[in-house]
Each structure stands twice: as C-alpha cells, then as structure tokens.
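Proteins get letters first, then strands, A, B, ... in listed order; numbering begins at 1 in each.
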Number of protein chains: 2
Amino acid sequence: MKGRPDSSPFVRLFGRFLREQGLPVTHQREAVAEVVFGSGEHLSVDEIERVLRSDGQHIGKATIYRALDLLVRSKLVAELDFGEGFKRYEHRLSADPIHEHLICLNCNAVTEFQSDEVHRIEAMVSARHGFRPTRHKLEIYGLCQECTVAGVEVTPEGLTCPIETV
Amino acid sequence: MKGRPDSSPFVRLFGRFLREQGLPVTHQREAVAEVVFGSGEHLSVDEIERVLRSDGQHIGKATIYRALDLLVRSKLVAELDFGEGFKRYEHRLSADPIHEHLICLNCNAVTEFQSDEVHRIEAMVSARHGFRPTRHKLEIYGLCQECTVAGVEVTPEGLTCPIETV
DNA sequence: GTCCATGCAAACCTTTTGCACTATA
DNA sequence: TATAGTGCAAAAGGTTTGCATGGAC
C-alpha cells in the first residue's frame with residue numbers, strides 16, 4: 001500500500017454494503033476501493049488503473065468502471081465532473097463530508113472548501129420552488145494563487161460590449 | 001421562425017463578434033445562433049439539429065458544433081453540463097444573465113433561480129484562497145414539485161448507516 | 001452447484017478532425 | 001480571388017455491453 005493512508009475501515013464498509021446487497025466481495029472490488037479510499041485526490045479511471053498497475057495488479061477498465069458504479073451507489077464515493085471530458089471519483093468519508101470546489105482554469109488544480117451558506121441557499125431556494133433537494137454542487141472556476149503569481153492571464157475573447165447594441 | 005421569440009438582436013450581436021474576429025458571417029452560423037437565441041431552453045446539439053431540420057435547414061453536426069464553439073467564445077452562449085453525457089447550450093443575454101439551476105433527478109426538468117448570496121460566497125471564498133474567480137456554477141439536484149406531488153420517491157440505496165462501524 | 005464477476009474486445013455516444021468542395025468578403 | 005467554412009465520413013476518447021471463462025458463497 002506504499003505509504004498511502006489506511007483505507008481499510010472504508011474498504012470494510014464497502015464490503016458490508018456489498019453483503020447487504022447480496023453481492024460478492026471480490027478481490028478486484030476491494031482493490032479499487034482501496035485505491036479510491038487511500039487517496040485524497042479526485043481520481044480519474046486512468047489514474048486508478050495506473051495506481052493498481054504500480055501495485056502489480058492488472059484489473060480491466062470495465063471492472064474498474066463496474067466497481068466504481070457500486071462505490072457510488074453505496075454513497076461512499078462521489079462522482080465528479082469538472083468538464084474535462086471524463087469523470088473523477090473521491091471518497092466521501094473524510095473529515096469534510098460535503099464540500100465545494102475551486103477549479104483553476106489554467107493548471108486544473110482543485111481546492112476544496114466548505115460553506116454553510118450554500119446549505120442555507122439550498123434550503124431556501126428549494127422551499128421557494130417546492131423542490132426536494134438531495135444534493136448540490138458548487139464550483140468556482142478561475143485562476144488559482146500559483147497561476148496568478150506566475151503571471152498567467154485569462155484572455156477574454158468575447159464581445160467588447162455585448163449589451164450596447166441590443 | 002415558428003413563433004419563437006425574436007432572436008435577431010442577438011444574432012446581430014453574434015455577427016458583430018464574428019466580424020470583430022475577422023471571421024465570415026455564414027448562413028449556418030446565423031441559423032444555429034437563431035435557434036439558440038430563440039429558445040428559452042437548455043438545448044442539446046441533437047435538439048438544435050432537430051429544430052433546424054424542422055425549419056427545413058440541413059446543417060451538419062460538425063458545423064453545429066463549430067458554430068456553438070464560436071457562440072461560447074463570444075460569451076453570448078453558455079455551455080452547460082448536467083451530467084447527462086452530453087452538453088447543453090443556453091443564451092446568456094436574457095433578463096437573468098447569471099443564474100443557477102435546480103435539476104430534477106426524476107424528470108430532468110431544470111428550473112432557474114438567482115442568488116446574490118452565491119456571489120458573496122464566490123467573493124469571500126476566493127479572497128480566502130487567493131483565487132481569482134471568473135465564473136461559478138451552483139446546481140441543486142433533487143425532486144421537483146411535480147414529481148413530488150406525483151408520489152415519486154428517491155430510492156436511497158447506500159449503506160444504512162455508513163459511519164457507525166468505522 | 002448456482003450465481004455473479006471478470007476480462008477482453010467490440011459497441012456505443014458524443015465530440016473532433018481530415019479533406020474535397022463551396023461560399024464569404 | 002484568397003481565405004475560411006461546410007459537409008461528409010472517419011477518428012477519437014470515455015464509457016458500456018456481450019460473452020465465454022473463472023471465482024465467490
């Protein structure tokens with residue numbers, strides 16, 4: 001396990017979920033769970049496959065996708081989409097169960113943050129619309145501190161003043 | 001034009017953008033722009049193609065994608081991703097320039113709302129992290145009023161009590 | 001022994017690209 | 001007339017599926 005954080009409690013929880021569902025607890029499912037729970041990152045399927053390979057485990061991509069589907073259904077793992085054209089996965093049982101993301105448009109770095117206000121907005125807006133919320137997603141896109149001090153500039157390409165000729 | 005709202009001012013703006021960029025203003029680009037600006041919906045590429053076809057216009061998908069890319073670059077149109085596996089597009093020059101989305105997990109209905117608080121959160125969180133925000137995205141997923149009164153239930157499938165055996 | 005999972009490859013879906021031809025400016 | 005756009009089809013990239021084999025319970 002190469003010095004990654006201990007993921008065994010979470011893997012055990014996943015095993016319990018599988019048993020609750022009457023599904024076999026297989027080597028491959030545990031291996032995928034270990035990688036996801038053992039990383040603080042938002043992993044792509046490719047990255048998960050790479051970590052498994054570096055541990056000497058050859059698990060087919062289809063199996064990884066199927067294991068991730070179960071992990072998401074167990075609610076132990078969340079599926080993320082930062083608009084990169086593929087999905088990422090993160091475990092949801094860290095100290096910060098619900099958090100939002102700051103995403104750098106230049107280097108793709110992702111910073112997490114929490115905001116109680118978002119929950120208030122979710123509740124208020126939902127009440128106003130008769131909506132029953134189950135989850136929300138708040139993402140802020142822009143330039144991270146590193147890229148800003150490195151002098152990276154966002155190049156606005158839109159109309160100089162769209163509204164003026166309406 | 002089939003009784004859709006008048007989209008010509010926006011199409012003219014798009015034409016101005018194209019000229020500013022030294023790009024030709026073609027029939028196809030104007031036709032795609034007309035469809036997007038003429039609809040209050042969040043349209044997929046398939047839906048745009050269908051509307052064009054019903055107007056008797058046969059425009060290749062590749063051209064639609066290329067026109068949408070220009071519309072997004074002009075900042076007159078926003079690209080949306082509700083996790084359906086494909087993108088949607090909406091015009092950004094309506095009365096509500098920046099808004100968030102309530103998305104029904106059962107019928108996929110999308111309701112828009114505005115929240116000044118989100119802008120405050122964006123500013124505060126960004127300041128705290130030295131982040132330079134350019135845009136944000138807040139989506140609340142759940143059950144819309146119609147589906148709730150229709151008796152639809154969200155079926156929680158996760159672990160009965162994940163945390164208890166950690 | 002039954003049932004489900006795995007692995008591989010093929011299929012799938014959306015989006016992008018290459019290229020011969022056509023239209024804009 | 002030069003330059004860029006269009007349309008078609010093929011390719012690309014991520015994800016899903018079919019099927020024969022192998023493993024969990």
With sequence neighbours left out, write down each residue that passes salt bridge (charged side-chain N to carboxylate O under 4.0 Å, His left out) with [X], or none if nothing qualifies.
X	result
A:Glu84	A:Arg88
A:Glu146	none
B:Arg53	B:Glu49
B:Asp46	B:Lys61

Going 5' to 3' along DNA chain C, which nucleotides are the first and last within contact of chain A (any atom under 4.0 Å from a heavy atom)?
C:dC4 to C:dC8
Give a yes or no on whether a salt bridge exists between B:Glu117 and A:Arg120, defined as a side-chain N under 4.0 angstrom from a carboxylate O.
yes
Quickly work out the [X] [atom1] to [N] [atom2] distance and round it to whole Å.
X	N	atom1	atom2	answer
A:Asp69	D:dT16	CG	P	7 Å
B:Arg53	D:dG7	CZ	P	11 Å
A:Arg50	D:dG14	CZ	P	11 Å
A:Lys61	D:dT17	NZ	P	17 Å
B:Tyr65	D:dC8	OH	P	16 Å
B:Asp81	D:dG14	CG	P	15 Å
B:Lys87	D:dG13	NZ	C1'	12 Å

Once ring-ring contact (aromatic ring centres under 6.0 Å, His included) is applied, do any residues pair with B:His119, and if so which ones, sequence neighbours excluded?
B:His136
Partners of A:His129 by ring-ring contact (aromatic ring centres under 6.0 Å, His included), sequence neighbours excluded?
none
Return the polar atom pairs (N/O with N/O) between nucleotides 19-25 of chain D and the protein under 3.5 Å, or none.
residue : atom : partner : partner atom : Å
D:dC25  : OP1  : A:Val25 : N            : 3.1

Tell me which donor-acceptor pairs under 3.5 Å the side chains of residues 65-72 of chain B have, and how far apart each pair is, sequence neighbours excluded?
residue : atom : partner : partner atom : Å
B:Arg66 : NE   : B:Ala62 : O            : 3.4
B:Asp69 : OD2  : B:Arg73 : NH1          : 2.7

Residues that, via side-chain heavy atoms closer than 4.5 angstrom, fall in one hydrophobic cluster with A:Ile121:
A:Leu102, A:Phe113, A:Val118, A:Val125, A:Phe131, A:Leu138, A:Ile140, B:Leu102, B:Phe113, B:Val118, B:Ile121, B:Val125, B:Phe131, B:Leu138, B:Ile140
Which ILVMFWY residues are connected to B:Leu80, directly or by a chain of links, through side-chain heavy atoms under 4.5 Å apart?
B:Phe82, B:Ile103, B:Leu105, B:Val110, B:Tyr141
For DNA chain C, the dot-bracket pattern of Watson-Crick and G-U pairs whose distances stay under 3.5 Å, | for other-strand partners:
|||||||||||||||||||||||||
Start at the 5' end of DNA chain D and walk down; is the nucleotide closest to B:Thr63 or to B:Gly22 reached first?
B:Gly22
Residue closer to the 5' end of DNA chain C, B:Ala62 versus B:Gly85 (nearest nucleotide):
B:Gly85
Any luck finding a side-chain donor-acceptor pair between A:His99 and A:Glu112 under 3.5 Å?
yes
